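What you see below is based on every heavy atom in this structure, not just the backbone, and it leaves out hydrogens, waters and symmetry mates. In this text the structure is predicted, and so the values were computed from the model without any measurement. Reminder, nothing fancy here: chain letters follow the sequence lines and each chain counts from 1.
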2 protein chains.
Amino acid sequence: MWRYIILYGFVVAGLVVIMNWLDFHFLMHSLSMEIYLGLVALIFAFTGGWIGWRYTRPSMAGSAQIETTSDVPTTELTNDTSGLSPRELEVLELIAMGFSNQEIADKLFVSLNTVKSHSSNLFLKLDVKRRTQAVSKARELGLIH
Amino acid sequence: MWRYIILYGFVVAGLVVIMNWLDFHFLMHSLSMEIYLGLVALIFAFTGGWIGWRYTRPSMAGSAQIETTSDVPTTELTNDTSGLSPRELEVLELIAMGFSNQEIADKLFVSLNTVKSHSSNLFLKLDVKRRTQAVSKARELGLIH
DNA sequence: AATGTCCTCACCCGAAAGTATGAAATCGCT
DNA sequence: AGCGATTTCATACTTTCGGGTGAGGACATT
């Protein structure tokens, strides 16, 4: 959360610098002050909106990369398991099917605590906080169908 | 959907009014132009970011067809939504994206209790017991993708 | 005006999920 | 033989979810 605020701050600061650089040397001679202010407001409003939209998706938590193109690495990650162990993948699939931890424990013949351990570990590896988020991210990564 | 755009417009408009009110009567005498511009930029950037943060809404299976034109609202209602109301569908989509109830409440400008109500209702309609199960079933039914 | 649906919100309570920490057994690898 | 990864399980604790119930306002239909 905080990293985004900080990143956001830097972006804003950079834009402020840019605006100041453009300041009285270029625009002021051709535009009125109101239009200038309006432009500033619009640019920053849309920038803020874009940043807010881009960096608050739960599935993107932890990765601050900016996608400029439609990427191929997704298919590369399809075969990769993102460091998930076989058992964790198994639990993840059952989670995606909508089973509760207790049901998963029963299916895998292990204790509830074990399932919790697996899920906690895979949440760490996927960098998520909730099981629904894990399902969403795993689907993006192609870990599950 | 539109309510947020309209709300956004009003917020921006309100801020413009505020800025104009403050314009040359108050700040200009005490602050330099650079600081003034910086304030404008900051306020609008953060406003945009705030709006963008809440407007993390995907256009999904059902409404993707609606957005293109405006002539088939009837078809949209007759589309198979398994009896889910628009709001419930909205909550369901955000659940599928991995948001917590509190996050959904923040994004939709409603209280946590309201989100709980919606989710409980859609769980009843989908005949499921957990949110992960709801996501799984909704995906099967093609309500989300 | 009455009805029904939807959206909103509240409170309480129990269940499920998740965090933190530790630990033991197994297996592959060097 | 030691190391790391994996799997298993445990306890204790906090947070989130979900059920139950009720209720008021907005809106459209009848």
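- Qualifying side-chain hydrogen bond (donor to acceptor under 3.5 Å, both in side chains) partners for A:Thr114, counting only residues two or more places apart in sequence or in other chains: A:Ser111.
- Note on A:Leu108: it clusters hydrophobically with A:Leu89, by side-chain heavy-atom contacts below 4.5 Å among ILVMFWY residues.
- Identified under the salt bridge (Lys or Arg N to Asp or Glu O under 4.0 Å) test for residues 102-112 of chain A, with sequence neighbours left out: A:Glu103-B:Arg130.
- Taking atom CZ of B:Arg130 as the reference point, atom C1' of C:dA17 lies 11 Å away to the nearest angstrom.
- D:dG20 atom C1' lies 11 Å from atom CG of B:Leu124, rounded to whole Å.
- Considering only the side chain of A:Ser85, D:dT6 comes nearest among D:dT6, D:dG18, C:dT19.
- The separation between B:Gln133 atom CD and C:dA17 atom P is 10 Å, rounded to whole Å.
- Phosphate contact (OP1/OP2 of D:dG19, side-chain N/O of B:Ser120, threshold under 4.0 Å): present.
- Shown here are the side-chain hydrogen bond (donor to acceptor under 3.5 Å, both in side chains) partners of B:Ser120, two or more places apart in sequence or in another chain: there are none.
- Residues from residues 94-105 of chain A with heavy atoms under 4.0 angstrom of DNA chain C, sorted by number: A:Ser100, A:Asn101.
- A:Arg87 meets the salt bridge (charged side-chain N to carboxylate O under 4.0 Å, His left out) test with A:Glu90; sequence neighbours excluded.
- Residues satisfying the side-chain hydrogen bond (donor to acceptor under 3.5 Å, both in side chains) test with A:Asn101, not counting sequence neighbours, are A:Arg131.
- Sorted pairs that involve residues 108-122 of chain A and meet salt bridge (Lys or Arg N to Asp or Glu O under 4.0 Å), not counting sequence neighbours, are lacking altogether.
- A rotation axis mapping the C1' atoms of four pairs onto the next four is fitted at both ends of the helix from C:dA1-D:dT30 to C:dT30-D:dA1 over five pairs, and the angle between these axes is 50° to 10 degrees.
- The NZ atom of A:Lys116 sits 18 Å away from the P atom of C:dG22 (whole-angstrom rounding).
- For the pair A:Arg87 CZ and D:dT7 P, the interatomic distance rounds to 7 Å; values are reported in whole Å.
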Polar atom pairs (N or O), protein with nucleotides 9-11 of chain D, under 3.5 Å:
from: D:dC9; atom 1: OP2; to: A:Ser111; atom 2: N; distance (Å): 2.7
from: D:dC9; atom 1: OP2; to: A:Thr114; atom 2: OG1; distance (Å): 2.9
from: D:dC9; atom 1: O5'; to: A:Thr114; atom 2: OG1; distance (Å): 3.4
from: D:dC9; atom 1: N4; to: A:Ser117; atom 2: OG; distance (Å): 2.8

Atom pairs, protein N/O to nucleotides 23-26 of chain C N/O, distance under 3.5 Å:
none

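- A continuous path of hydrophobic side-chain contacts links B:Leu141 to B:Met97 [ILVMFWY only; heavy atoms under 4.5 Å].
- Looking at residues two or more places apart in sequence or on another chain, you find a salt bridge (charged side-chain N to carboxylate O under 4.0 Å, His left out) between B:Lys125 and B:Glu88.
- Between A:His118 atom NE2 and C:dT19 atom C1' the separation is 17 Å, expressed in whole Å.
- At whole-Å resolution of the value, NZ in B:Lys129 and P in C:dG14 are 17 Å apart.
- One atom, CZ of A:Phe123, and another, C1' of C:dA17, lie 8 Å apart when rounded to the nearest Å.
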